[in-house]
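Okay, structure first, notes after.
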Number of protein chains: 4
Amino acid sequence: MTGKEPDRREEIMKVALELFAEKGYHRTKISDMVNRAGVAQGTFYWYFKSKAAIATEIIQSGEERLLEVVSKGYRQVPGTVQDAVSASRSLFIELFQFSQDNRHLMELLLKGMDTEETVKEAVLKARRKLEEGFRQNITRAIDLGILPANDPTLQAALLTSLLEGMLERWLFSEHSDLTGKTADEMARELVRFEFFGLLGI
Amino acid sequence: MTGKEPDRREEIMKVALELFAEKGYHRTKISDMVNRAGVAQGTFYWYFKSKAAIATEIIQSGEERLLEVVSKGYRQVPGTVQDAVSASRSLFIELFQFSQDNRHLMELLLKGMDTEETVKEAVLKARRKLEEGFRQNITRAIDLGILPANDPTLQAALLTSLLEGMLERWLFSEHSDLTGKTADEMARELVRFEFFGLLGI
Amino acid sequence: MTGKEPDRREEIMKVALELFAEKGYHRTKISDMVNRAGVAQGTFYWYFKSKAAIATEIIQSGEERLLEVVSKGYRQVPGTVQDAVSASRSLFIELFQFSQDNRHLMELLLKGMDTEETVKEAVLKARRKLEEGFRQNITRAIDLGILPANDPTLQAALLTSLLEGMLERWLFSEHSDLTGKTADEMARELVRFEFFGLLGI
Amino acid sequence: MTGKEPDRREEIMKVALELFAEKGYHRTKISDMVNRAGVAQGTFYWYFKSKAAIATEIIQSGEERLLEVVSKGYRQVPGTVQDAVSASRSLFIELFQFSQDNRHLMELLLKGMDTEETVKEAVLKARRKLEEGFRQNITRAIDLGILPANDPTLQAALLTSLLEGMLERWLFSEHSDLTGKTADEMARELVRFEFFGLLGI
DNA sequence: TATGAATGAGATTTCATTCAT
DNA sequence: GATGAATGAAATCTCATTCAT
């Protein structure tokens, strides 16, 4: 009544995200969600149209928050290469931190490809938007004469690949040495490679 | 006797791989496989224990062929940076070509994460082995003084991320400009970035 | 609310027991049960984990009711042989009557040996408890000096064999002359043999 | 060629009987039989029409051998009660020994009731014939004035119940104390009860 | 809003039996 | 006689979704 009672909808979304991340989309059953949320099976369908719908909604709301981070990171206009490097570094620090705070979401975004068409679409859209953000930034840097005039779409693809792959290893791969690193360290390494490649300092 | 009679086992594996790539693991039913292969439902179970079993077997046999490409690509010993660059380039050309010729397999390897535990393990194992191949090569280049002494595990992770991400975009993303490029062009761009980063020539 | 609405769970158990008795465990399909109960296939699984589970539950609840009969029959303390004979006779009358009223249950208990391990265990447990009841009674009669001091475990085995065999013939064997007899007559004959053997009056 | 080559038919029947006894009729698959017999799946159907057919045949051939034992045991004509007791005792010794030597067969006969109709019929027929043997013997003893003139059909039923139950406990029940007894001891106890009941010496 | 019982389409798997060689 | 691959009917079970209250 006062706005303090536990918001069922939020609660269900929260546990759904947890479960999707833990077990994957297909192995998560509606019954798992409602059990963990402590509500009845029917209640789920009062709040959500279907399993695909809740997944899609989770992804979309995650996408918004993710893009916010990206857009915030691109506010300053770099003047020199050094400016661009440090701008990039702070963006990636933000991104790694966001991912750490939202690891369930990131797991869904990075692995949730074998699902119903609509869910898959939502995932792809979110990832494409991220890549598009990178592309715009690269284009601007080229326009400003900071980066050489290479194909910005391609560069964005390379950069996003790098980010996605490193996030996956950092957050989810027990077999990787990266698990122990901080968001800062990860960002630093990624940016070094981004600008200078294997031969870089 | 003639070597012409249809090998049911091979046929079912071929069809299964196609379907896994087309529709994903979960949306592929045993009935889809046997219908397309033109055999009875029971025949599937004569050859394979379960759906997870056929997927695992497909992945393992793919892993072998993939690693063969990688090991072949690492035979020459580079003397200079230029040697290393061109060795890397030919390896990646091979890898992109292999992936193009085995796009279904690659789809499974790159996207098959929401599956039964055993299948997922097989996928991860294959990808880890690939990364390990890269790591060894980088280590050797550092030992030879060709690359700066950075953490080779990290570099391998960066490199594999790059490859996996670019393969995904090149082969499966209709939204990407990359679709039109040749294996050669992809390899060339990837290697440029690999060695010189965004700032490279 | 009215106590009249059909209890699905009870209904399914009732129907299942009927079918187990009519057709045997293996020839009874889940579909038979739900068809006869007039519910959907899935409903079965709302109430029971599996076919073995419903059978086990049926047997266990039957065991309880059966043992109640036995324990009730053992209340009076016999003073003479004649007391013991008539106590035994009234117990067996109860047992034959119970069996007639629960012929389906008895069929399961007497014939349900070729089933899943868990079901078989439940059947054996019920039968062992019955035999144990007999053993205690015989022991008491020996202690009271009413019966000669022979091995009570053995005597109980002999007695239970008699009961089980005669129940099987009486209830289920169309080839037997026994079918026409009443519970009273069956008990009387059994008890005569129990105490005096073939040579008895 | 020489009559020495392993008789496939016999071999399959032997393992089938083993398996029926070990696992029950339903849990025994044709594939189990042929695996253990070391022949191909198809071979089974060269020798037997069906699973039910082999079971039926096993039971029928067992029935013959069992009845032979019974008929042999009934050759002497008793003059006194003591004669009858000792004749009965030697018959039961034979029967217990036969059962020990043919425990798989007896397991099938005593427990094989939840099977296809034809198999069930074969089992029942064998058991009925045994009971009929007892009945004839009792009738004769009554005619000779050795036993009181009670209903011989009923007496036979009681006696067969006793035998079947005790066999089951002796051969197959790990929970029973009887397992350690010899065929002789079992027969002696059974005959004591048969003639004198619980009150007997 | 909330419940939880009920549904039923459909998926996987089993296995006795057949058949071409 | 013998093989073993192939069949397909049928059974069990799952689970997203609906519905009466």
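By convention in this document, chain letters (A, B, ...) are assigned in the order of the sequence lines, proteins followed by strands, and residues within each chain are numbered from 1.
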- line: The salt bridge (charged side-chain N to carboxylate O under 4.0 Å, His left out) partners of D/Glu117 (sequence neighbours excluded) come to C/Arg27
- request: Return each pair, listed once, that meets side-chain hydrogen bond (donor to acceptor under 3.5 Å, both in side chains) where at least one residue sits in residues 39-61 of chain A; pairs must be two or more places apart or across chains.
  value: A/Arg9-A/Glu57
message: Between C1' on E/dG4 and CZ on A/Phe44, what's the gap in Å once rounded to a whole number?
response: 16 Å
task: Let me know the distance between CG of D/Asp32 and C1' of E/dT14, rounded to the nearest Å.
output: 12 Å
List the atom pairs, donor and acceptor, that lie under 3.5 Å between side-chain atoms in residues 119-128 of chain D and the rest of the protein, sequence neighbours left out.
residue: D/Lys125; atom: NZ; partner: D/Glu63; partner atom: OE1; Å: 3.4
residue: D/Arg127; atom: NE; partner: D/Glu164; partner atom: OE2; Å: 3.1
residue: D/Arg127; atom: NH1; partner: D/Leu109; partner atom: O; Å: 3.2
residue: D/Arg127; atom: NH2; partner: D/Glu164; partner atom: OE1; Å: 2.8

Side-chain atoms of residues 29-39 of chain B: list all donor-acceptor pairs with protein atoms under 3.5 Å, sequence neighbours left out, distances to 0.1 Å.
residue: B/Lys29; atom: NZ; partner: B/His26; partner atom: O; Å: 3.0
residue: B/Asp32; atom: OD2; partner: B/Lys23; partner atom: NZ; Å: 3.3
residue: B/Asp32; atom: OD2; partner: B/Lys29; partner atom: N; Å: 2.9
residue: B/Asn35; atom: ND2; partner: B/Ser31; partner atom: O; Å: 3.1
residue: B/Arg36; atom: NH1; partner: B/Glu18; partner atom: OE1; Å: 2.8
residue: B/Arg36; atom: NH1; partner: B/Glu22; partner atom: OE2; Å: 3.0
residue: B/Arg36; atom: NH2; partner: B/Glu22; partner atom: OE1; Å: 3.0

- request: Let me know the distance between OH of A/Tyr47 and P of F/dT17, rounded to the nearest Å.
  value: 18 Å
- line: Here the distance between atom C1' of E/dT17 and atom CD1 of D/Ile54, to the nearest Å, is 15 Å
message: Go nucleotide by nucleotide along DNA chain E from the 5' end; which of A/Gly42 and D/Ala52 gets its closest nucleotide reached first?
response: A/Gly42
query: Heavy atoms, side chains only, cut-off 4.5 Å: are B/His104 and B/Ile58 in contact?
result: no
query: Which residues satisfy the salt bridge (charged side-chain N to carboxylate O under 4.0 Å, His left out) test with C/Glu10, sequence neighbours excluded?
result: none
Could you go over nucleotides 10-12 of chain F and give all protein N or O partners under 3.5 Å, atom names and distances?
residue: F/dT12; atom: OP2; partner: C/Ile30; partner atom: N; Å: 3.3

query: Given atom CH2 of D/Trp46 and atom P of F/dG4, what is their separation to the nearest angstrom?
result: 17 Å
task: Sticking with atom C1', work out how far E/dT1 lies from F/dT21, rounded to a whole angstrom.
output: 13 Å
field: Pairing residues for A/Lys111 by the salt bridge (charged side-chain N to carboxylate O under 4.0 Å, His left out) criterion, not counting sequence neighbours
entry: A/Glu107
field: d(CD, A/Glu11; P, E/dT1) in whole Å
entry: 16 Å
Counterpart residues, ring pair (Phe, Tyr, Trp, His ring centres under 6.0 Å), relative to D/Phe48 (two or more places apart): D/Phe44
field: Length of the line joining B/Phe48:CZ and E/dT14:C1', which is rounded to integer Å
entry: 18 Å
query: Over how many whole Å does the gap from B/Glu116 atom CD to E/dT12 atom C1' extend?
result: 11 Å
- prompt: Out of E/dT3, F/dG4, E/dT7, which nucleotide sits closest to the side chain of C/Ala40?
  reply: E/dT7
- request: Return no unless some side-chain N or O of D/Arg9 is found under 4.0 Å from OP1 or OP2 of F/dA2.
  value: no
query: Just the dot-bracket of DNA chain E, please: which string comes out with Watson-Crick or G-U pairs under 3.5 Å, [ ] for crossing, | for another strand?
result: .||||||||||||||||||||
- request: Answer yes or no: does a side-chain N or O of A/Arg8 lie under 4.0 Å from OP1 or OP2 of E/dA2?
  value: yes
- prompt: Between B/Glu11 and B/Lys14, does at least one N-O distance fall below 4.0 Å, as a salt bridge requires?
  reply: yes
